[in-house]
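A short worksheet on the structure shown next.
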Amino acid sequence: MPRISSRSAASSATEWSLQKRRAFLAALIEWNAEHGRHLPWRACGDPYRVWISEIMLQQTTVTAVIPYFERFLAAFPTLPALAAAEESQVLRLWEGLGYYSRARNLHAAAQKLMTEHDGRFPREVAALQALPGIGRYTAGAIASFAFNEPAAIVEANTQRLYARLLGEPRDLKTTAVQQRLWNFAAELVTTKTTEPQGPGEINQALMDLGATLCTPTSPDCAHCPATRYCLAYETEQQNIIPRLPPRPQLTDVIDVTVAIEQQGCYLLRQRQPGERWAGLWDFPRYTVPTDADPIDVLRQQVHEQCGLDLMIGPQVTQFKHGVTRYRITLLCHTATVTTGTIVESEAFRWVLSEDFENYALSVTGRKFADWLIAARERFPFD
DNA sequence: AAACCGTGGAC
DNA sequence: TGTCCAAGGTT
């Protein structure tokens, strides 16, 4: 219902009138008092905790984050503690959570906050967004949740909620739609209400509504406090809005990996910048070209990269693992060294199996490490 | 703009 | 069992 605005051309027209925004927010706040979620990083007002939780929650579910958040805060309770940590320790605590650049950026941002911001968080969106790993959404989240700044947020939950409220039929990814949603978010969060709730609580209530009722499939409109304000509901389009682009197809890949044993140690390799799982450690691992023999690939690659000749045993186990648009089957072998020089490289290290726990491993690396330890218990004389 | 970056739970 | 999806950011 874009109506003719009688205001000056200097201020652009709003999606909703002030009256409509206030009525919606009043209903939202009332709903939130009873149904809003209570989460470990909320209601503390500590920007450090808000920041850690927001980074962990990027593209990651609340249930997956909670145990990581608790462990992380126990290890690094404050910003100075995180800044002083080794990056390897940060990655170890991130192991299994995915998107590992988040952990590297988190550590870098902690050090930048210490050296360039006197160890304190800025409250301005622009300053927050200048930190590595903090984009438009996360900056708005920290500013509003921790500092009660009237900063807009648009993420998966609010994106879906706003698209439905506005009845936006277009593809959500387009810049035009994104701009509309951000404008609408700013419109809502800057609306002055008679309730005492500030921007922080309003933003969290908006997200909770999106997360618990305005869900991707079968939204619970029957219990929603906003149906009176929802164009998608009015036109019965809750199930076709928001519209999303099709997902890319999955590709099958065969990888092969090997546990090379020598004097009770196993050879690990740290994955390099630009590779997948950069910074994590793994057993030597290679993609098998179509129609190639996995064992030949292992033998040649290890000889080329490490100068080691191997006696390779049969496949001992395998893991299936989905990653982005690939479905990987990982073939696992064990081997011993027949001839070859000691590896001279920072990327390679001989590690006792009891020290595996001190390394941040890839998920499949961890599974294989656990398998090796279990196998050692089964065959203690090997 | 579009591709890349991970993982596990829900259905 | 396969598909969808999550409190996004960077290049």
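Just so we're clear, the structure is a prediction, and the values are computed from it rather than from any experiment. Chain identifiers are assigned alphabetically (A, B, ...) following the order of the sequence lines, protein sequences preceding nucleic acid strands; residue numbering begins at 1 within each chain. Heavy-atom basis, side chains included; hydrogens, waters and symmetry copies ignored.
- A nucleotide of DNA chain B counts as in contact with chain A when one of its atoms lies under 4.0 Å from a heavy atom; the first and last such, 5' to 3', are dA1(B) to dT7(B).
- On the C1' atoms, dA6(C) is 12 Å away from dG6(B), given to the nearest whole Å.
- Taking atom P on both dG9(C) and dG9(B), the two are 24 Å apart, rounded to the nearest angstrom.
- Mapping Thr175(A) and Arg325(A) onto DNA chain B by nearest heavy atom places Thr175(A) at the nucleotide closer to the 5' end.
- A donor-acceptor contact shorter than 3.5 Å is absent between the side chain of Gln19(A) and the backbone of Arg22(A).
- Without hydrogens or angle criteria, Glu155(A) side chain to Thr158(A) main chain gives a donor-acceptor distance under 3.5 Å.
- Glu357(A) CD to Glu95(A) CD: the interatomic distance, rounded to the nearest 0.5 Å, is 11.0 Å.
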B/S/- contact track for nucleotides 1-10 of chain C, protein heavy atom under 4.0 Å
----BBBBSS
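- One distance of note links CD of Gln204(A) with CD of Gln197(A); it measures 11.5 Å at 0.5 Å rounding.
- In this structure, Arg180(A) and Arg170(A) approach most closely via the heavy-atom pair CD-NH2, 4.2 Å.
- Checked by atom type and distance alone, the side chain of Arg164(A) pairs as donor or acceptor with a backbone atom of Gln238(A) at under 3.5 Å.
- Comparing dA7(C) with dC4(B), their P atoms sit 24 Å apart, to the nearest whole Å.
- Taking the ring centroids of Tyr68(A) and Trp94(A), they lie at or beyond the 6.0 Å cut-off.
- Contact annotation for Val363(A): backbone-only contact, meaning every heavy-atom pair under 4.0 Å involves sugar-phosphate atoms and none involves a base.
- No more than 12 heavy atoms of other residues, nucleotides or ligands sit less than 6.0 Å from atom CD of Glu86(A).
- Residue Gly210(A) is classed as having no contact, given no heavy-atom separation below 4.0 Å to the nucleic acid.
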